[in-house]
Amino acid sequence: MIEWLAVHLLGMPHLAASTGLKVDALIVYVHLLMLALFVGWVAYFIYAIWRFHHKRNPKADYEGVKSHFSGYIELIVAGVEAVLLIGIAIPVWSQAVDHFPDAQNSTVVYVMGQQYAWNVRYAGPDGIFGRQDMRYISAGNVFGVDPNDPNGKDDIQTLNEIHVPIGKPVIVYVSSKDVIHSFKVSAMRVCQDAIPGLRIPCWFIPTEIGRYQINCAQLCGPGHSAMTGGMITVESEADYEKWIKSKSPAPVSTSGNSVFE
């Protein structure tokens, strides 16, 4: 029901991540509250025009209304807003920022925004990210990967191309090379500012195979519209593993999945 209202009533983008269900629910509930307030205030406005028309009240009444009905309505509205904040908004926020999935059981990706593209980095077949240091950052080494670290030899870097397997948590560490960008994937209901000097994580669990557009939610310069060139491809585990192998010539090791260093 919530998804039907979100898509057909509010016109929200198609949802392709299980982690976005609560986000949609919050948006729908807030809009329903706003609709109720709109209808209520319009009805009151029409009633006030009729009730206090000068033909019905030729003489001013300086004593005013004695009823506390409007005060009760205000308390009810405040109560509903408190429920939305404490019961839905805060838990959704807490789940998003404090309850990350285990990196060992997730697909971990580094994303570096720049004017005007998205740089993407994977750990490669060995499952271990190479060390990074800002001293190594250059035009040809956007992520500052230590060239002397053997763990980084098979790391995969792409431009505007992210591949993830379906049904598995995806942790994206977002940063920026130049100005403030914002990594936004509407279908996954994720949006995280990309700030120079910081690597900020966000996560989602994709549920539908397909290609989904990445947008930049911050005006980042005259070429801002080009940031829509980024795409996330959700595919089967087998297709994802095949894509990873096609991007790196290194042999597959038995090492575990990557962890953020």
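For this chain, numbers begin at 1 and follow the sequence in order.
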Q: Tell me, please, which residues at least two apart from Ser175 pass side chain to side chain contact (heavy atoms under 4.5 Å, CB included).
A: Met112, Arg199
Q: With side chains defined as the heavy atoms from C-beta onward, is the minimum distance between Pro222 and Tyr116 less than 4.5 Å?
A: yes
Q: Is it true that Phe204 and Ile209 fall in one hydrophobic cluster, defined by side-chain heavy atoms closer than 4.5 Å?
A: yes
Q: With under 30° as parallel and over 60° as perpendicular, where do the rings of Trp41 and Tyr44 fit, or are they tilted in between?
A: perpendicular
Q: So how far is it from His99 NE2 to Trp203 CH2, rounded to the nearest 0.5 Å?
A: 9.5 Å
Q: So, the side chain of His31 versus the backbone of Ile27: is there a donor-acceptor pair under 3.5 Å, distance only?
A: yes
Q: When hydrophobic residues are tied together by side-chain contacts of less than 4.5 Å, even through go-betweens, does Met34 share a cluster with Val23?
A: yes
Q: Asn148 and Asp146: which non-hydrogen atoms are nearest, and at how many Å?
A: N-OD1, 2.9 Å
Q: Tell me, do Gln157 and Val145 make a side-chain contact under 4.5 Å, heavy atoms counted?
A: yes
Q: Taking atom CD1 of Ile200 and atom OG of Ser176, what is their separation to the nearest 0.5 Å?
A: 10.5 Å
Q: Can you name the closest pair of heavy atoms from Asp155 and Gly130 and give their distance?
A: OD2-N, 2.9 Å
Q: Where do Gly113 and Trp118 come nearest, in terms of heavy atoms and distance?
A: CA-CE3, 3.7 Å
Q: Shared ILVMFWY cluster between Leu35 and Val42, side chains joined below 4.5 angstrom?
A: yes
Q: Taking it one step at a time, do Met12 and Arg189 satisfy side-chain contact (heavy atoms from CB on, under 4.5 Å)?
A: CA-CA 10 Å; Met12 294 181 61; Arg189 303 298 191 266; 3.8 Å; yes
Q: Heavy-atom count check: over 12 atoms from other residues, nucleotides or ligands less than 6.0 Å from Lys177 NZ?
A: yes
Q: Any idea which heavy atoms bring Arg131 and Asp149 closest together, and the distance?
A: N-OD2, 2.7 Å
Q: For the residue pair Leu85 and Ile90, establish whether any side-chain heavy-atom pair is separated by less than 4.5 Å.
A: yes
Q: Is the shortest side-chain heavy-atom distance between His181 and Gln115 below 4.5 Å?
A: yes
Q: Could you tell me if the side chain of Phe100 sits less than 4.5 Å from the side chain of Pro169, heavy atoms only?
A: no
Q: Report the distance from atom CG of Leu26 to atom CD1 of Ile88, rounding to the nearest 0.5 Å.
A: 6.0 Å
Q: When you compare the side chain of Val172 with that of Gln192, does any pair of heavy atoms fall below 4.5 Å?
A: no
Q: With rounding to the nearest 0.5 Å, note down the distance linking OG1 in Thr107 to CD1 in Ile244.
A: 8.0 Å
Q: Would Val80 and Leu5 show up in the same hydrophobic cluster when neighbours are defined by side-chain heavy atoms closer than 4.5 Å?
A: yes
Q: On a heavy-atom basis, which atom in Val164 and which in Pro206 lie closest, and how many Å separate them?
A: CG2-CG, 4.2 Å
Q: Nearest heavy-atom pair of Glu208 and Leu15: which atoms, and what distance?
A: OE2-O, 3.8 Å
Q: If we only count heavy atoms from C-beta on, is the Gln132 to Arg121 side-chain gap below 4.5 Å?
A: yes
Q: Look at the side chain of Lys22 and the backbone N and O of Ala89, then say whether any donor-acceptor pair between them is shorter than 3.5 Å.
A: no
Q: Would you give the length of the straight line joining atom CG of Asn119 to atom OG1 of Thr158, rounded to the nearest 0.5 angstrom?
A: 8.5 Å
Q: CE of Met231 to OG1 of Thr228: how many Å apart, nearest 0.5 Å?
A: 9.5 Å
Q: Can you pull the ring pair (Phe, Tyr, Trp, His ring centres under 6.0 Å) pairs that have at least one residue in residues 220-244, sequence neighbours excluded?
A: Tyr122-Trp243, His163-Trp243
Q: Spell out, yes or no, whether Val174 and Ile180 are grouped together once hydrophobic residues are joined by side-chain heavy atoms under 4.5 Å, including indirect joins.
A: no
Q: Does any N or O in the side chain of Thr207 come within less than 3.5 Å of the main-chain N or O of Ala16, such that one atom is a donor and the other an acceptor?
A: yes
Q: Does Lys242 reach the side chain of Asp239, with side-chain heavy atoms less than 4.5 Å apart?
A: yes
